[in-house]
There are 2 protein chains.
Amino acid sequence: MKQAKISEAVVRRLPIYLQVLNELHSREIQTVSSQELGVKLDLNPAQIRKDLAYFGEFGRKGIGYDVIYLIEKIRQILKVNQTIKVALVGAGNLGHALCNYNKYSKDNMKITAVFDIHPDKIGTNINNLVVQPMNELTEVVEEQNIRIGIITVPAYEAQNVANQFIAAGVEGILNFAPAILRVPEEVRIHNADFTRELLSLAYYLNHEDDGENEEGDRDESAMD
Amino acid sequence: MKQAKISEAVVRRLPIYLQVLNELHSREIQTVSSQELGVKLDLNPAQIRKDLAYFGEFGRKGIGYDVIYLIEKIRQILKVNQTIKVALVGAGNLGHALCNYNKYSKDNMKITAVFDIHPDKIGTNINNLVVQPMNELTEVVEEQNIRIGIITVPAYEAQNVANQFIAAGVEGILNFAPAILRVPEEVRIHNADFTRELLSLAYYLNHEDDGENEEGDRDESAMD
DNA sequence: TAGATTGTTAATCGATTAACAATC
DNA sequence: TAGATTGTTAATCGATTAACAATC
């Protein structure tokens with residue numbers, strides 16, 4: 001009865017469920033069926049039921065899921081029912097944006113420390129946090145028990161920052177820099193590099209209606 | 001011989017390949033094998049070859065892939081060999097950050113217009129662009145032939161902005177707001193909501209070494 | 001009770017990986 | 001030529017979906 005291995009696809013859907021559920025909750029809706037969730041999210045209801053069933057029996061047959069209860073359960077699963085402390089390196093515009101989001105967030109993930117390498121940034125204030133110099137990172141991460149590091153520095157500095165986070169003992173890294181980072185196996189890394197999203201979005205432009213891509217280009221031999 | 005249907009998973013890997021290739025190019029490396037790419041990206045070499053082979057024969061047997069040639073080809077596939085114009089709504093910190101990234105980007109995706117609803121933002125300058133009022137959006141999008149809209153407004157305004165983008169005729173939307181947006185089938189939407197990344201990252205914290213989750217919680221009947 | 005909806009098993013579908021002939 | 005590596009087919013693996021008994 002050990003928890004079956006949960007695929008990444010399942011885990012990535014949980015925050016989406018949470019988002020819809022929070023919205024339903026704010027509209028004071030108390031119960032929801034997998035059917036209804038499926039319509040909202042363009043997902044197969046069976047998939048939603050199956051995803052949730054990996055973690056327990058959260059619903060009631062004939063009724064559906066209690067919104068508040070399910071929110072609580074998903075939070076438990078994602079471990080955001082406890083406060084998780086986060087540090088951020090790179091006090092630029094993006095760093096600012098994330099700190100602000102943070103302020104309004106309902107989830108218990110808190111950015112509790114901000115670092116930067118540039119002397120003109122150090123000592124300034126972001127959302128009640130004082131920007132600290134990089135050489136204090138290790139100490140602060142250890143002392144505050146920070147578990148996640150966010151990287152919002154230019155690509156060429158990203159690996160270096162990641163290394164410092166890892167040395168300091170974070171368990172996960174959220175990387176916004178457009179760079180491929182090497183991390184040891186025990187550290188989880190997620191990339192939130194928006195250029196990837198933008199480029200893959202471009203692929204789908206006009207893919208139906210214009211035929212530009214359908215001739216030429218295909219049957220020449222490569223690199224001649 | 002019509003192009004086989006390309007799965008989303010494949011398309012999402014193309015920008016990653018492009019990223020590594022650009023890096024190799026900047027280091028003046030001229031040829032690369034699927035083997036080497038696989039090591040760098042933690043991907044199976046066969047998968048990389050198969051991904052690329054959907055679009056043509058880009059490599060040379062016994063040799064590998066010419067870096068410059070492959071960059072060019074992937075750019076064609078993603079349609080970023082031409083300039084693609086992008087508009088952004090929401091001139092906050094995140095909007096600023098994206099506009100700046102944009103400035104340094106090598107890809108031909110250009111943010112050419114920025115909008116905001118707040119009077120105090122309108123008329124200000126971001127990266128040489130003047131922030132415009134929302135009521136000019138439709139006209140500007142049409143005139144400039146803008147094909148992608150980026151949404152960096154609070155969640156409660158996101159759907160409204162999306163509707164305006166869609167009415168103005170954009171083909172794709174990149175949404176940074178933590179909201180689930182409804183769009184018509186012909187409009188492609190990608191979500192870059194960082195809270196999702198952060199929440200799914202939290203799931204993986206400590207999943208190996210602490211057993212907190214392994215008892216209790218499982219076999220109580222739901223909602224009693 | 002009848003209708004609705006879950007949790008779960010079985011069937012299907014699609015994506016990844018292995019293997020290898022072709023060839024540089 | 002011998003070694004390397006592609007493009008591609010076949011085998012495997014995993015994820016999604018359909019179907020339905022259990023039950024509220």
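Chain letters run A, B, ... following the sequence lines, proteins first and then strands; every chain starts at 1. Remember, it's a predicted structure, so these values are computed and weren't measured experimentally.
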Between [N] ([atom2]) and [X] ([atom1]): distance, integer Å:
X     : N      : atom1 : atom2 : result
A:D66 : C:dT6  : CG    : P     : 13 Å
B:E8  : D:dA15 : CD    : C1'   : 15 Å
A:Y54 : C:dT6  : OH    : C1'   : 16 Å
A:L70 : C:dT6  : CG    : C1'   : 13 Å
A:F55 : C:dT8  : CZ    : P     : 14 Å
B:Y17 : D:dT6  : OH    : P     : 12 Å
B:L52 : D:dT8  : CG    : P     : 12 Å

ask   = Of the nucleotides D:dA15, C:dT16, C:dT8, which has the atom closest to the B:A9 side chain?
value =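 Nearest to the side chain of B:A9 among the choices is C:dT16.
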Within residues 33-46 of chain B or reaching into it, pairs that qualify as salt bridge (Lys or Arg N to Asp or Glu O under 4.0 Å) - sequence neighbours excluded =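 Matches after skipping sequence neighbours: none remain.
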Heavy-atom donor-acceptor pair, B:N191 side chain to B:D193 backbone, under 3.5 Å =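 Checked: no pair found.
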query = Taking B:S200 for the side chain and A:R12 for the main chain, is one N or O donor matched with an acceptor at less than 3.5 Å?
reply =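 No; zero donor-acceptor contacts below 3.5 Å.
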query = Does the side chain of A:H190 pick up a donor-acceptor pair with the side chain of A:R188 at under 3.5 Å?
reply = yes
ask   = Side chains of B:Q159 and B:N163: do they bring a donor and an acceptor to under 3.5 Å?
value =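 Side chains of B:Q159 and B:N163: pair found under 3.5 Å.
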message = Does any part of the side chain of A:Q19, heavy atoms only, come nearer than 4.5 Å to the side chain of B:R196, both counted from C-beta?
response = yes
task = For the residue pair B:T152 and B:L98, establish whether any side-chain heavy-atom pair is separated by less than 4.5 Å.
result = yes
query = Mind checking what makes ring pair (Phe, Tyr, Trp, His ring centres under 6.0 Å) contact with A:F194, not counting sequence neighbours?
reply =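 Applying ring pair (Phe, Tyr, Trp, His ring centres under 6.0 Å) to A:F194 gives B:Y101.
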message = A cation-pi test, strictly: NZ or CZ of A:K73 under 6.0 Å from the centre of the six-membered ring of A:F55 and no more than 45 degrees from its axis. Yes or no?
response = no
key: Stem list, DNA chain C (Watson-Crick or G-U pairing under 3.5 Å, at least 3 consecutive pairs)   = C:3-24 with D:3-24
When you compare the protein's N or O atoms with those of nucleotides 21-24 of chain D, which come within less than 3.5 Å of each other, and at what distance?
| unit_1 | atom_1 | unit_2 | atom_2 | d |
| --- | --- | --- | --- | --- |
| D:dC24 | O4' | A:K61 | O | 3.0 |

Those residues of residues 27-50 of chain A lying under 4.0 Å from DNA chain D by at least one heavy atom = A:N44, A:A46, A:Q47, A:R49, A:K50
message = Check A:E142 with A:R147, please: is the shortest side-chain N to carboxylate O separation under 4.0 Å?
response = no
inquiry  = For a quick test of reading the model: is some side-chain N or O of B:Y65 closer than 4.0 Å to OP1 or OP2 of D:dA4?
reply    =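 No, B:Y65 has no side-chain N/O under 4.0 Å of OP1/OP2 on D:dA4.
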query = How would you list, by chain and number, every residue that makes a side-chain contact (heavy atoms from CB on, under 4.5 Å) with B:E28, sequence neighbours excluded?
reply =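 In terms of side-chain contact (heavy atoms from CB on, under 4.5 Å), with neighbours along the sequence ignored, B:E28 is linked to no residue.
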